[in-house]
Amino acid sequence: MQPPTLQDVYRARRTVSRYFPPTPLVRSAAMSEALGCELYLKLETTLPIGSFKIRGGINLLSNLTDAERERGVITASTGNHGQSIAYAAKTFDVKAIVSAPEGANRDKVAAMRRLGAEVVLCGRDFDEAREWAEERARLDGYRYVHPANEPLIIAGVATVSLEVMEALPHMDVVIVPIGGGSGASGQCLVAKRINPQVKVIGVQAEKAPSVYLSWKAGRKVETPEAATWAEGLMTRVPFDLPLGIIREHIDDIVLVSEEEMRLGVRFLLEAAHQLAEGAGAAPAAAARKLKDRLRGQTVVLVISGGNITLDQLRWVLADS
C-alpha cells in the first residue's frame, strides 16, 4: 500500500472544500506568553462533527465506486472516526455500520446513530471492535474502511497541514496527537515536503504508547492494553501505513500522562477559551512539557477534536 502523494492531498482538498471551509488558525496571546513562543491553535473542533476525522471520511466516501456504495461500508472506531464515516455516508447516501468498544464515549455513540449509522458495541477496546468489523466485512461483503490504513483517509486529513502551511509558512513546529496516526502521518507528508525544516512532533498517551514504542524500536510493537481516558489515543496495535510514514519522517514523539492531558484541557480552557477532548488537548499537554525546547519559535498545536463528555469535563475541572 503506497502512501498518498502531495498531489493526492491537493486533490483531497478540492473534495473536502466543497463541504466545509478551512478551520480557524488563531494565535493565543495568553498561551504564547505562558510558553515563551508564538503559539497558534488549529481548531479542528469547529468542523461539523467536532473533529478533523471528517476530512478523511468525506474524501474516502466521495471516491467509492458505485458497487462499493451499493454494498455499504463498515468500520471500527472509538468515536470520531466513526462519526466521520457516518457523516460522509449520510452525505453520499451510503449504508454505514460502525463497531465501537463496549465502553465507548456515549456522546460519540449517540452522534453516530443520530447521523444514521448502525452502531454495534462489541469488545473491550478499539482493537477488538476492529477485529469484529473486519470479520463482518469479510462475511457480508461490506467495504471495510480501516481507520488509518487508507491512503484516501490520510490524504483527506492531511488537508489540515496544507491549510496550516499556506496560512503560516514560517511555522517552526507542529504538534499533533497520535492515535491511529492518520493525522501525524498527514503532517509528515505535507509539512515536511513543503518545508523540510518544519519539525513534526507527535503526542501519545503514556498508557497507550504503541506508536511511540514502535518508532523507538524500529518495528511494530503492540501493547497489552490502551488504558487512557483519551479515547482518541486508545490504540494498542499500530497501523502499517501511517506507522511507515511516521517512522520515516517524524522528528519526535512525546508521551503525556493522564494528568498532563487533564491539565492540557484546563490550559486550553483557561488561556484560550477553547474546549478540547483528551486527545485534542494532548498537543497542549506536550507543549507545556516541551516549553524550554519551544521557546522563541512559531508553534502550531493541532486541536484535533472537542467531543468531551460532561463527566470527563467535571473530572478535568475538579480540584486534584
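Applying the ring-ring contact (aromatic ring centres under 6.0 Å, His included) test to pairs two or more places apart or on separate chains, none has a residue in residues 259-292. Residue pairs meeting the ring-ring contact (aromatic ring centres under 6.0 Å, His included) criterion with at least one partner in residues 163-202, sequence neighbours excluded, do not occur; the list is empty.
Contacts of Asp66 classified as salt bridge (Lys or Arg N to Asp or Glu O under 4.0 Å), with partners at least two apart in sequence or in another chain: none. Contacts of Pro22 classified as side-chain contact (heavy atoms from CB on, under 4.5 Å), with partners at least two apart in sequence or in another chain: Glu163. For Ala217, the side-chain contact (heavy atoms from CB on, under 4.5 Å) partners at least two apart in sequence or on another chain are Arg219, Val221. Take Thr228 and apply the side-chain hydrogen bond (donor to acceptor under 3.5 Å, both in side chains) test, not counting sequence neighbours, and it matches Glu258. Partners of Arg136 by salt bridge (Lys or Arg N to Asp or Glu O under 4.0 Å), not counting sequence neighbours, listed by chain and number: Asp140. Listed by chain and number, the residues in a side-chain contact (heavy atoms from CB on, under 4.5 Å) with Lys216 are Tyr212 (sequence neighbours excluded). Take Arg314 and apply the side-chain contact (heavy atoms from CB on, under 4.5 Å) test, not counting sequence neighbours, and it matches Leu310, Asp311. For Glu134, the salt bridge (Lys or Arg N to Asp or Glu O under 4.0 Å) criterion is met by Arg130, not counting sequence neighbours.
Cluster partners of Phe126 are Phe239, counting Ile, Leu, Val, Met, Phe, Trp and Tyr whose side-chain heavy atoms approach within less than 4.5 Å, directly or via other members. If you chain together ILVMFWY residues whose side-chain heavy atoms come under 4.5 Å of each other, Ile85 ends up grouped with Val16, Tyr19, Phe20, Leu47, Ile49, Ile54, Ile58, Leu60, Leu61, Leu64, Val73, Tyr87, Phe92, Val94, Leu115, Val145, Leu152, Ile153.
The existence of a salt bridge linking Lys199 and Asp252 is excluded, since no basic side-chain nitrogen approaches an acidic carboxylate oxygen closer than 4.0 Å. A salt bridge does not link Glu131 with Arg236: none of the charged nitrogens is closer than 4.0 Å to a carboxylate oxygen. In this structure, Glu225 does not pair ionically with Arg124, as no charged nitrogen and carboxylate oxygen lie closer than 4.0 Å.
Side-chain atoms of Arg27 never come within 3.5 Å of backbone atoms of Glu38 as a donor-acceptor pair (strictly under, hydrogens ignored).
Using a 4.5 Å heavy-atom threshold, the side chains of Arg55 and Thr23 count as touching.
Considering every non-hydrogen atom in both Ala117 and Val98, the closest pair reads CB-CG2, 4.2 Å.
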